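Below is one structure, written out as structure tokens; comments come after it.
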Amino acid sequence: MHAVLSLFITVMITTSIGTVGANALLLVLFASHLKLRTDTWALTLNLSICDLIFGMCVVPVAIYNCLFQGGIFSEGGTACQLLGFLFVLLKLASLNSLVWATIDKFAEIAFPLRYAQLITKKRIMFILAILWIYAIAVAALPFMGFGAYCYSKDVYMCLPAFGSSTTAYSVLFLSVGVLVPITGISILYLSIIHIARYQAKRGTFVCNDQHCYYVPIRSYFRNTLVLIVSAFYLLVCWIPSLTISFYETFYTPNVPAIAKMVSIWLVVLTSTLNPWINSLAQRNYRRALRESWWKLKRIFESLGSSSRPQNDNNARNFGIQSQQCLPGHKTERLTHT
């Protein structure tokens, strides 16, 4: 069991670093490239901030609990309650931000002529306000006596308690809070794939401010893999945890610790995958990433080239001083005089 715990700590540390790094990279791209700030970029920004806070606050506490056997969090007091609240709050906000970001993509492809009227900046701000009110309300339900947060000794985290005593809360949270959003995301992405496949069969034209150009069939098929991964990666990461939680609710809480560790790690892994699959895999984000890389490379090259002439001058002056210090140098000067 010690080897399993060491492996669990290792993958959690790696996942935490990956989560913080990927979402911080996305925020840097937003800050340095104004073209990425579309009318609906607030949804992606909200998703990235939720995952970043999750990777900086929730996952490190789980690592601390693994190393020090829970500490104050294992007592089930205020610290554990707040950590469970933060876990549910950030995961619900992240999931629902992803739902609305997927709806935005679907509306852009399915209703291109009406997209500007359907998705506006004011509506996005309203959606985000409702989203956070919903996430806070659901995460606060255990504080009102509907459900409970408890410390799980198997995964070293404070999570919602799933059992016979909290059946109503468990079913409501797991089905409405988690299962419905990830199923909706998968259905929307499958619809997007169907529409893209139909357009690819007949080809299409894409227009910008200057002209229209024909998009060949291979351009759509090239992005099909990303769409398929976007449709199913949430199901793959959440289904094990949902299955174990429903099993604990209706049958018995005696689930192997290894199964719980794997399931909770897959849930944590979604915060690492979200920025790569939903944003950084897109063409405009890849272009912005390449531009940032080239800018950074030019900065380092300019710093290297500016320090090189100074080094050459120092070497030249050192050579002159060395020649002046040679024994025959002064005698030659005297003979010339």
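Remember, it's a predicted structure, so these values are computed and weren't measured experimentally. Atoms considered below: every heavy atom in the structure, side chains included; atoms not considered: hydrogens, waters and symmetry mates.
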Does atom CE of Met56 have more than 12 heavy-atom neighbours, drawn from other residues, nucleotides or ligands, at distances under 6.0 Å?
no

Whether Lys35 side chain and Asn284 backbone form a donor-acceptor pair below 3.5 Å:
no

For the pair Cys80/Cys150, is the SG to SG distance below 2.5 Å?
no

State whether the side chain of Ser48 and the backbone N or O of Leu45 hold a donor-acceptor pair below 3.5 Å, judged by distance alone.
no

Just wondering, are more than 12 heavy atoms of other shown residues or ligands nearer than 6.0 Å to CZ in Phe126?
no

Side-chain donor-acceptor pairs of residues 134-145 under 3.5 Å, sequence neighbours excluded:
none

Quick check: does any side chain N or O of Thr166 sit under 3.5 Å from a backbone N or O of Ala161, one acting as donor and the other as acceptor?
yes

Going from OG on Ser152 to CE on Met261, what distance comes out if it is rounded to the nearest 0.5 angstrom?
9.0 Å

Step-by-step side-chain contact (heavy atoms from CB on, under 4.5 Å) determination, Thr44 to Leu26
CA-CA 9 Å; Thr44 307; Leu26 185 57; 4.1 Å; yes

Between Met125 and Ala42 the two heavy atoms that sit nearest each other are CE-CB, 3.4 Å

So do the side chains of Leu25 and Tyr285 get within less than 4.5 Å of each other, counting heavy atoms only?
no

Any idea how Phe68 and Tyr64 line up, ring-wise: parallel (<30°), tilted (30 to 60°), or perpendicular (>60°)?
tilted

From Leu83 CG over to Thr78 OG1, what is the distance, rounded to the nearest 0.5 angstrom?
12.5 Å

Begin with the C-alpha distance, continue with both residues' side-chain angles, and end with the deciding distance and a verdict on ring-ring contact (aromatic ring centres under 6.0 Å, His included) for Phe30 and Trp41.
CA-CA 9 Å; Phe30 278 133; Trp41 78 290; 5.2 Å; yes

Rounded to the nearest 0.5 Å, how far does CG of Leu90 lie from CZ of Phe54?
7.0 Å

Are the side chains of Met157 and Asn65 in touch, meaning some heavy atoms are under 4.5 Å apart?
no

Which is it for Tyr247 and Phe162 under the ring-ring contact (aromatic ring centres under 6.0 Å, His included) test, yes or no, and what are the steps along the way?
CA-CA 9 Å; Tyr247 183 81; Phe162 302 114; over 10 Å; no

Within-4.5 Å side-chain heavy-atom neighbours: Phe250 and Val171
yes

Any side-chain donor-acceptor pair under 3.5 Å between Thr167 and Thr249?
no

Ignoring hydrogens and geometry beyond distance, is a side-chain donor-acceptor pair present between Trp132 and Asn46 at under 3.5 Å?
yes

Would the distance check show the side chain of Ser16 and the main-chain N or O of Gly55 forming a donor-acceptor pair, the cut-off being under 3.5 Å?
yes

For the pair Arg123 (side chain) and Gln117 (backbone), establish whether a donor and an acceptor sit closer than 3.5 Å, ignoring hydrogens and angles.
yes

Determine whether a donor-acceptor pair (N or O, by modelled atom type, separation under 3.5 Å) exists between the side chain of Asp39 and the backbone of Lys122.
no

What distance separates Thr38 OG1 from Ile119 CD1, expressed to the nearest 0.5 Å?
11.0 Å

Is there a side-chain contact between Leu29 and Leu289, using heavy atoms and a 4.5 Å cut-off?
yes

Can you list the residues that meet the salt bridge (charged side-chain N to carboxylate O under 4.0 Å, His left out) rule with Lys260, with sequence neighbours excluded?
Asp154, Glu248

If we only count heavy atoms from C-beta on, is the Met12 to Val59 side-chain gap below 4.5 Å?
yes

To the closest 0.5 Å, what do you measure between CD1 (Ile277) and OG1 (Thr272)?
10.5 Å

Point-to-point distance, once rounded to the nearest 0.5 Å, from CG of Leu92 to OG of Ser97
10.5 Å

Under 3.5 Å donor-acceptor pairs involving side-chain atoms of residues 230-244, not counting sequence neighbours:
unit_1	atom_1	unit_2	atom_2	d
Ser230	OG	Val226	O	2.8
Tyr233	OH	Asn274	OD1	2.4
Tyr233	OH	Asn278	ND2	2.8
Thr243	OG1	Ile239	O	2.8

Is any side-chain heavy atom of Phe85 closer than 4.5 Å to a side-chain heavy atom of Gln81?
no

Are Lys91 and Cys50 side-chain neighbours, meaning at least one heavy-atom pair lies under 4.5 Å?
no

Can you see whether Asp104 engages Tyr115 through a side-chain donor-acceptor pair at a distance of less than 3.5 angstrom?
yes

Assign the ring pair Phe8 / Tyr156 to parallel, tilted or perpendicular, where the plane angle (0 to 90°) is split at 30° and 60°.
tilted

Is the backbone of Ile182 close enough, under 3.5 Å, to the side chain of Ser186 for a donor and an acceptor to pair up by distance?
yes

Look only at the side chain of Arg114 and the backbone of Ala107, and say whether a donor-acceptor pair between them is shorter than 3.5 Å.
no

Quick check against the 3.5 Å criterion: does Thr183 have a side-chain atom that pairs as donor or acceptor with the backbone of Val180?
no

Distance only, no hydrogens: is a donor on one side chain within 3.5 Å (strictly under) of an acceptor on the other, for Lys295 and Ser32?
no

